[in-house]
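Per chain, numbering begins at 1; letters A, B, ... match sequence-line order.
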2 protein chains.
Amino acid sequence: MTDSLAEPDHANRAPPESRAVAARFAALSHPARIEILKHLSASNSCCCREVVDHLDLAQSTVSQHLKILVEAGLVRFQPDRQRSRYEVDRAALADVSASLTALVNSCCYGR
Amino acid sequence: MTDSLAEPDHANRAPPESRAVAARFAALSHPARIEILKHLSASNSCCCREVVDHLDLAQSTVSQHLKILVEAGLVRFQPDRQRSRYEVDRAALADVSASLTALVNSCCYGR
DNA sequence: CCCGTTCATCGTCTATCGCCGATGAACGAT
DNA sequence: ATCGTTCATCGGCGATAGACGATGAACGGG
């Protein structure tokens with residue numbers, strides 16, 4: 001059941017590429033997740049609890065946001081004893097950035 | 001009532017900057033809107049009807065997506081007789097791209 | 001003057017999001 | 001063995017997104 005980021009049925013009419021791009025932007029479309037990414041990149045510890053202290057959201061809520069980021073492929077997850085280590089997947093993030101740059105370029109140069 | 005892209009109350013706890021970034025990504029987080037942007041950039045006419053023919057969505061649905069893009073500042077709108085002309089705001093799109101690049105850089109270089 | 005076309009908006013419906021508290025598993029320490 | 005901490009998951013709730021059809025305004029052409 002990897003349906004947390006599943007797309008609505010209506011979206012199936014769009015080309016797969018557009019769906020994939022949109023899905024990654026969706027992961028970035030919430031302020032809390034932007035904050036989480038910034039915090040993860042600035043910190044070394046990266047456990048769930050630390051993020052909870054930083055944002056004031058319930059632990060369960062933060063856990064869900066982290067799950068969304070992991071399933072979008074933007075954050076890597078590794079269980080570490082009773083903690084959970086989360087870290088930014090820089091390559092994946094750069095990849096999203098490249099997708100957007102490509103879109104901008106197609107808009108500017110016609111292809 | 002410019003509440004089409006209004007943010008939920010819960011999001012008010014995040015810094016304004018993160019909220020602004022997230023809002024623009026939200027406009028890009030739907031496959032149909034990605035398709036619309038690509039189509040607008042490849043075409044000259046850019047009226048609503050043309051987009052309706054390209055995607056198979058109802059005219060009212062397309063109109064809403066266009067409105068969202070306009071309110072996000074990514075597309076410019078100009079009424080032209082009984083038609084509506086829409087065109088990509090390349091500068092705004094480049095700006096979003098720059099925001100994402102900045103985020104990626106902060107993740108890679110620590111600030 | 002009447003039609004056909006284009007478009008924005010409204011009302012409605014369903015599905016999903018985002019929040020929370022509660023719960024139980026896993027682990028470390030006492 | 002027991003307690004405290006960390007975490008993921010579940011269930012529920014309210015709000016929003018996204019789809020549609022219907023409607024009416026604006027315009028052009030016959």
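- Between the CZ atom of A/Arg83 and the C1' atom of D/dT5 there is a distance of 9 Å, given to the nearest Å.
- As a whole-Å value, the separation of B/Leu57 CG from C/dC7 P is 15 Å.
- Atom pair A/Asp80:CG and D/dA8:C1' shows a separation of 16 Å (rounding to whole Å applied).
- Per the geometry, CG belonging to A/Asp56 stands 12 Å off P belonging to C/dG21, to the nearest Å.
- For D/dA19, the OP1/OP2 oxygens have a side-chain nitrogen or oxygen of B/His30 closer than 4.0 Å.
- Residue B/Arg49 places its side chain closer to C/dC7 than to any other of C/dA8, C/dC20, C/dC7.
- Rounded to an integer number of Å, the gap from A/Arg19 CZ to D/dG18 P is 16 Å.
- Here the side chain of A/Arg33 pairs no donor or acceptor atom with the backbone of A/His65 at under 3.5 angstrom.
- Rounded to whole Å, the distance from CD on B/Gln64 to C1' on D/dA22 is 14 Å.
- Nucleic acid contact for B/Arg33: sugar-phosphate only, since backbone atoms but no base atoms lie under 4.0 Å from a heavy atom of the residue.
- Remark: B/Arg81 is in phosphate contact with D/dG28, judged by side-chain N or O atoms under 4.0 Å from OP1 or OP2.
- Comparing A/Ala58 and A/Gln82, the nucleotide of DNA chain C nearest to each residue sits closer to the 5' end for A/Ala58.
- Within the 3.5 Å criterion, the main-chain N or O of B/Ala26 finds a donor-acceptor partner in the side chain of B/Ser29.
- Note on A/His65: every side-chain N or O is 4.0 Å or more away from OP1 and OP2 of C/dC17.
- Within the nucleic acid shown, A/Ser84 comes within 4.0 Å of sugar-phosphate atoms alone, with no base atom in reach, counting heavy atoms only.
- For C/dA8, the base has a donor-acceptor partner in the side chain of B/Gln59 [N/O atoms by modelled type, under 3.5 angstrom].
- Between A/Ser63 and D/dA8, a side-chain N or O to OP1/OP2 separation shorter than 4.0 Å is present.
- One can find a donor-acceptor pair under 3.5 Å joining the base of D/dG21 and the side-chain atoms of B/Ser60.
- Rounded to whole angstrom, the span from the CD atom of B/Glu50 across to the P atom of C/dT5 amounts to 17 Å.
- Between the side chain of A/Ser41 and the backbone N or O of A/Leu37 there is at least one donor-acceptor pair closer than 3.5 Å.
- Nearest heavy atom pair, residue B/Tyr86 against residue B/Cys46, reads O-CB, 2.5 Å.
- Remark: A/Lys67 is in phosphate contact with D/dT9, judged by side-chain N or O atoms under 4.0 Å from OP1 or OP2.
- Between B/Leu40 and B/Leu69 there is no side-chain heavy-atom pair separated by less than 4.5 Å.
- Spacing between atom CD of B/Glu35 and atom C1' of D/dG18 amounts to 17 Å, rounded to whole angstrom units.
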